[in-house]
Amino acid sequence: MEYGRFVSYVENENQIIMQFENRQVILEFLKEDVFNIFVPLWSDSHRSKAVEEKKSVPVRINADYKNKELLLETERLSVRIQDGFYMDVYDSRRRLLLSDYRGERKTGAAISSGEMEQLAAEGHDTSHLQKGSYQVQTVKALEKEDAFYGLGDKSGFLNKRDYEYENWNSDIPQAHTEDFHALYKSIPFLICKKKNGAYGLFFDNTFHSYLNLGKESEAYFYYGADDGNLDYYFLGGETLKDIIGNYTWLTGTTPLPQRWTLGYQQSRWGYVCAKDIQEVAETYRSLKIPCDVIHLDIDYMDAFKVFTWNEKDYGKPGALFEELKTKGYKPVTIIDPGTKMEPDYFMYEEGMERGYFATTEDGDVYVNVVWPGEANYPDFGRKEVSDWWGAHHKFLTDMGVCGIWNDMNEPASFKGPLPDDVVFYDGERKTNHAEIHNVYGHFMAKATFEALKEQTGKRPFVITRACYSGTQKYSTVWTGDNQSLWAHLQMTVPQLCNLGMSGFAFCGADVGGFGADATPELMCRWVEAACFSPLFRNHSAMGSRRQEPWQFGQEVVEISRKYIELRYRFLPYIYDLFYQGEKTGLPVMRPLILHYEDDPQVRSLNGEFLVGEQILAAPVLEQGVVKKIVYLPEGIWYDFWTGERLEGGRYLLRDAPLDMCPIYLKAGSLIPMYEPMQYVGEKPYDTLRILSVPGEGTYEHFQDNGEDYAYRKGEYNLYRFTQDKEGNVATELLHENYPKYDRIIIEPLKDGCIC
Ligand code: MIG
C-alpha cells in the first residue's frame, strides 16, 4: 500500500480530506481525542456494524501545512502527517503516542509456499501462518515498554504483547492455549499502555484480519486484513478508563441486565429429559445452594430443529417451565442458527419460500451440516430475516423462557468451512461470507435482543458465543468450549479481564470447564475464582463428568455453597457496577492495570483481578497449591476474611487452603450487600447492609425493580453513603422514585467477616 507524496488537503467540517499521489485518506475527528482514518480501498462509506449511530461532536481543528508536513491540532491531540502517509500522534502534553513505522519490514521471516506444503504434508496446521503482507495494512512503531490489552476473547495472558492474533470467528474444539490465534469472537480493539501515556485503536473491518503485536519484530506491530477498507479509530484519553470510555461511546456500552441474570446458573449439555432438569432444580433447593437459572441445551428441541419442542423427553411444552418457575428458576434455552433442511418443517418451508437463507453464487440455497444434519443459514443481515427469526422466539417466550443462548453462530459448520463466496446480504446490498462471517453472530444476537425486548418488555438476556465489536449492546458472552483443565481456569482471569477492557462487561467462562473431566479440587477453585465473574454459569459437555457441586462429595457442596452465597451477598455491588458501566463503559471484572496504570508490577498480572475498584480477588488457580502470592497495589487494604489491615505496594503470601479465596477490600470501601437468598426474588430486598471498611470514602448505590426499563424513566433510588475518618456513615438520597429499603444497616468490617 504505497501512498506516495502528500499532494493537498481540504477541510470539511470535522474531516480532513488528504490527497496523496496514489490514494485519498480521510481523517475525521469525532471528538477532541478520537479520530478515524479512512482509506477507501473497497467502499466509499464505513458500512460499520459496530458504530451504529453517527457519532461525532463539533471539534475545533487547527490545520497547518508547512515544511512538508501537515499538522492537525485539537485541544487534546496533535497529528503530524508526512509524505507516504506517515502519521504521528501526540497528546496535549506533546508526548508521542503512536507513530507509523518507517523502517524495513522483516517479512523475510514469513514462510515460503514450498515450506508450507511440506509442513502441511506432515500434518502441521499451517492455516494460521501469517502472510506477512496484506492488501489492507498499517504498521506502527513499537517501544520496549508497550503493553497491549483488549482484543476480546483471545486466549493466553493479559498482556497481548509479543503474540499474534487473527480475527476470524472460529469454533475450534481443541484445548485453547496461548498459541491460538483466533477464537469465537472478533473484537479488533486494542489498548496500548506505554511507559508514559496510552491510546486505543479500533480496526473496524469485518474481513479476516491479523494483528502481530511484536512477534515479527520488536520494532513494530502491524494490522492487516484480507479485504475491506483501512478504517480505524485512534482513541485517546488521559487514562485507560477514558480510552475504554471513548471506545464504548463509539460502539456502545453493556446495558444494565435484569438482576436475576447475575445469580448463579447451572447448565449441561446432557440433561436429556425433563427429569434430569427437575432433579437438578430440586437438588439445588434441598442442598440450599442458591441458583437462579437452568439452561436447556440442544436436546430440548425436536431433532435439533429450532423453535420446536421435544415432547417425548421433555413433556408438554410449558409444563416444565411452570414447575421451574414455582421453584424460582428462570429457564434459558439454546438456539442455533443452522435450520434443518426438512420438507414440512415450518422454518425450512418459510425460509425457502421467502428466500431467507444464504445461497451459493448460482442462487441455490447453501447447505452445510450442523446438529440437525443438513441445514441452511438464515441471512440475518437482512432486516426481514432478523424480524422473522426474532418473531419465532414467541414460541419460547410464551412458554416462559426468560433468556436465549445463541450458539454455533461463528457460523460453525461440520462439513468444512463455508466458502468465502456464499451469498449473504448486508441490508439490501448483496455481499458474501468473507465480509459477513465475523458479524454473523452479531446480527443473530441483535435480532434476538430486539425480539426479547418486544415480546417480554424486560431487559433481554441473550448469551452469544460469536460476536463482533458492538455486540455488547445486545448480548452477554461466554468464552465457548473451554475444558476442565487448570490451564483453562488460569486463563479465565485474563480472558474475562480483556473482554471487559473490550466493552463486554457481561462475560463469563463455563465454570468447572466444558470439555474434559473436572476434579473436586478444580471445582472448588473454579467456583472461588468465578464467584465474581459477571456471568456465573456452570456448564459441561455431554460425555464429561457431571459438574453439579454434589457430584463431587460433601466438601465441594460446602465450598460451592459458601462462594455462591457470597455471590448473592455481593449482588447489589455487582448490579451497581453494571448500572455505572451502562454510562461509563467500564467492566465489572477488571485487571489491576485499569486502576494502577503506572505500577509496572501489574502490567502482566494474570492471577488476580479487581471487582469494580473496591474489591480485589486473588483466587488460587493451580493444582495442589494452598498458599497464594498476592500482589496488593499501593494504598491500604483489608483482608475480607480476617479484617487485617495491610499496606499495599508489595507482595504477600496468604494461606489459602481449599476453601479459601483471598479477597481484599480497599480502605474506605462501602460495599452494599443483601442477605443471600435461594434465588433472586425469593424474598423482597427490604434490608441493605453496607459493609464499611475503615477509611474515608463515598459510594453510590442504585435500587430499582431489577427487571424492566422503568429506571430509564426515573423509577429508581440513588443513595450516597459517605464515611468520615471516624467511621461515621452519612446517607443521602440523590434520587428518590422507588420504594425504599425498610432498613439500612451499616456493618463495620470486623475480624472474621460477616459471613
Ligand atoms: O458442538 O449445544 O459451546 O456450550 O453445550 C457443540 C451443545 C455445540 C457448543 C457450545 C456448548 C454447547 C454445545 N455446543
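For ligands, and for the atoms within them, numbers begin at 1 and follow the listed sequence. Along the sequence shown, residues are numbered consecutively beginning with 1.
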Can you pull out every side-chain hydrogen bond (donor to acceptor under 3.5 Å, both in side chains) where at least one residue sits in residues 436-456? Sequence neighbours excluded, please.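 Checked against side-chain hydrogen bond (donor to acceptor under 3.5 Å, both in side chains) - neighbours excluded - the pairs reaching residues 436-456 are E52-K446, S186-N438, T397-Q455, N406-T448, H433-H437, H442-T471.
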
Using residues 415-424 as the side-chain source, report each donor-acceptor pair under 3.5 Å to any protein atom, sequence neighbours left out, with the distance given to one decimal.
none

Considering non-hydrogen atoms only, spot the tightest contact between L571 and L262 and give its length. CD1-O, 3.5 Å

Is the NZ or CZ atom of R382 positioned over W388's six-membered ring, under 6.0 angstrom from the centre and within 45° of the axis? no

Thinking salt bridges, do E548 and R546 make one under a 4.0 Å N-O criterion? yes

Do any side-chain atoms of residues 459-468 form donor-acceptor pairs under 3.5 angstrom with protein atoms, and if so which ones, sequence neighbours left out?
{"unit_1": "R459", "atom_1": "NE", "unit_2": "D708", "atom_2": "O", "d": "2.6"}
{"unit_1": "R459", "atom_1": "NH1", "unit_2": "P257", "atom_2": "O", "d": "3.0"}
{"unit_1": "R459", "atom_1": "NH1", "unit_2": "Y575", "atom_2": "OH", "d": "2.8"}
{"unit_1": "R459", "atom_1": "NH2", "unit_2": "D704", "atom_2": "OD2", "d": "2.7"}
{"unit_1": "R459", "atom_1": "NH2", "unit_2": "D708", "atom_2": "O", "d": "2.8"}
{"unit_1": "T464", "atom_1": "OG1", "unit_2": "N409", "atom_2": "ND2", "d": "2.8"}
{"unit_1": "T464", "atom_1": "OG1", "unit_2": "A466", "atom_2": "O", "d": "2.8"}
{"unit_1": "R465", "atom_1": "NE", "unit_2": "D407", "atom_2": "OD1", "d": "3.2"}
{"unit_1": "R465", "atom_1": "NE", "unit_2": "E410", "atom_2": "OE2", "d": "2.8"}
{"unit_1": "R465", "atom_1": "NH1", "unit_2": "D407", "atom_2": "OD1", "d": "3.2"}
{"unit_1": "R465", "atom_1": "NH2", "unit_2": "D171", "atom_2": "OD2", "d": "3.4"}
{"unit_1": "R465", "atom_1": "NH2", "unit_2": "E410", "atom_2": "OE1", "d": "3.0"}
{"unit_1": "R465", "atom_1": "NH2", "unit_2": "E410", "atom_2": "OE2", "d": "3.4"}
{"unit_1": "Y468", "atom_1": "OH", "unit_2": "D204", "atom_2": "OD1", "d": "2.7"}
{"unit_1": "Y468", "atom_1": "OH", "unit_2": "N205", "atom_2": "N", "d": "3.1"}

List below, pair by pair, the N or O atoms of ligand 1 and of the protein that are less than 3.5 Å apart, including the distance to 0.1 Å; reply 'none' if no pair qualifies.
{"unit_1": "ligand 1", "atom_1": "1 (O)", "unit_2": "W371", "atom_2": "NE1", "d": "3.2"}
{"unit_1": "ligand 1", "atom_1": "2 (O)", "unit_2": "D297", "atom_2": "OD1", "d": "2.6"}
{"unit_1": "ligand 1", "atom_1": "3 (O)", "unit_2": "R465", "atom_2": "NH1", "d": "2.9"}
{"unit_1": "ligand 1", "atom_1": "3 (O)", "unit_2": "D481", "atom_2": "OD1", "d": "2.4"}
{"unit_1": "ligand 1", "atom_1": "3 (O)", "unit_2": "D481", "atom_2": "OD2", "d": "3.4"}
{"unit_1": "ligand 1", "atom_1": "4 (O)", "unit_2": "H539", "atom_2": "NE2", "d": "2.9"}
{"unit_1": "ligand 1", "atom_1": "5 (O)", "unit_2": "D297", "atom_2": "OD2", "d": "2.5"}
{"unit_1": "ligand 1", "atom_1": "5 (O)", "unit_2": "H539", "atom_2": "NE2", "d": "2.9"}
{"unit_1": "ligand 1", "atom_1": "14 (N)", "unit_2": "D407", "atom_2": "OD2", "d": "2.7"}

